[in-house]
Amino acid sequence: MTENVTATAVRAAADAAAGAPRVRPGDVPPEPAAAPHGQPHVPPPAPGADLYAALDFANSAIAVPSGQVIDLLATPAAAEEWLAGHGLAPAGAGLQEVCAARLRGLRDQVRALIAARVGERPAPVAALAAVNDALTRAPAARLLRWDAERGLHREASHPVTQITEHALAALAADVADLLTGPDADRLTACGSAPCTRYLLRHGRRHWCSTRCGDRARAARAYARRTRPAAP
């Protein structure tokens, strides 16, 4: 598959993280240090999120065993941090709630498309319309700029609305590439309830993190121990 700008930005952001080890495609990422007491544990990105920002985007609302949902796009500040971390917005962009709401809305539609692909169901009409709308709304041209530090260069305009349009378009293009490319057959849902994340399957692994894998194995072992004996 030909790599796109978004995928490159994802890897660059990951490589820049202090002390972050390289993870080979298909590996279940190592768990980060435990969260401070009282704060929910945020799992590492699911396998495949280093290749597709749209997969990480779909997984940005995380269900945890305590029953909580960690929404990485819950507020304008959180959404801005997520976009900046994926190379989709400059730091200090000043996103507003209307922008964060649009991101959350597209995320719901992206998840619907991925769920349909994993479940071998027809793509929802509303989800297709939302992704195509995002693809066509972003301004196509990056303007020619000059400054003393970089000289001539091209960049998108930076009003907040255009930042959001560009981010939505990049994520829509990325999910379109994922769902129509060879990796689509590797898409699967994490097999460890209550996790709702998606990943790119490698071999027989059907869980998105070491913690989910441990929980799935523990659940199977418990089921075997408590299964009624055959008469």
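Both backbone and side-chain heavy atoms feed into the values below; hydrogens, waters and symmetry mates do not.
- Through direct or relayed side-chain contacts under 4.5 Å between Ile, Leu, Val, Met, Phe, Trp and Tyr, L144 connects to W146, L152.
- Applying the salt bridge (Lys or Arg N to Asp or Glu O under 4.0 Å) test to residues at least two apart or on different chains, the pairs with a partner in residues 89-99 are E97-R104.
- Checked against side-chain contact (heavy atoms from CB on, under 4.5 Å), A58 has the following partners two or more places apart in sequence or in another chain: V110, R111, I114.
- By the side-chain contact (heavy atoms from CB on, under 4.5 Å) test, V69 is found to be paired with A61, residues two or more places apart in sequence or in another chain being considered.
- Taking the side-chain contact (heavy atoms from CB on, under 4.5 Å) definition, one finds that A129 meets it with nothing, sequence neighbours left out.
- Residues passing the salt bridge (Lys or Arg N to Asp or Glu O under 4.0 Å) test with R107, sequence neighbours excluded: D71.
- The backbone N or O of G151 lies less than 3.5 Å from a partner atom in the side chain of H153, making a donor-acceptor pair.
- Proximity of a side-chain donor or acceptor of D56 to a complementary backbone N or O of A49 within less than 3.5 Å is not detected.
- Considering only heavy atoms from C-beta on, C212 stays 4.5 Å or farther from P43 through its side chain.
- No side-chain heavy atom of R201 sits less than 4.5 Å from a side-chain heavy atom of L187.
- The side chain to side chain donor-acceptor pair (under 3.5 Å) analysis of residues 112-131, with sequence neighbours excluded, yields the pairs R117-D185.
- Residues meeting the side-chain contact (heavy atoms from CB on, under 4.5 Å) test with L135, sequence neighbours left out: V131, N132, A172, A173.
- Between the N59 side chain and the R197 main chain, no donor and acceptor come within less than 3.5 Å of each other.
- Here salt bridge (Lys or Arg N to Asp or Glu O under 4.0 Å) pairs that include residues 75-87, with residues two or more places apart or in two chains, number zero.
- By the ring pair (Phe, Tyr, Trp, His ring centres under 6.0 Å) test, F57 pairs with W82, sequence neighbours left out.
- Among residues two or more places apart in sequence or in another chain, the salt bridge (Lys or Arg N to Asp or Glu O under 4.0 Å) test is passed with D133 by R137.
- Partners of E149 under the salt bridge (Lys or Arg N to Asp or Glu O under 4.0 Å) rule, at least two apart in sequence or in another chain, do not exist in this structure.
- No side-chain heavy atom of Q96 sits less than 4.5 Å from a side-chain heavy atom of R102.
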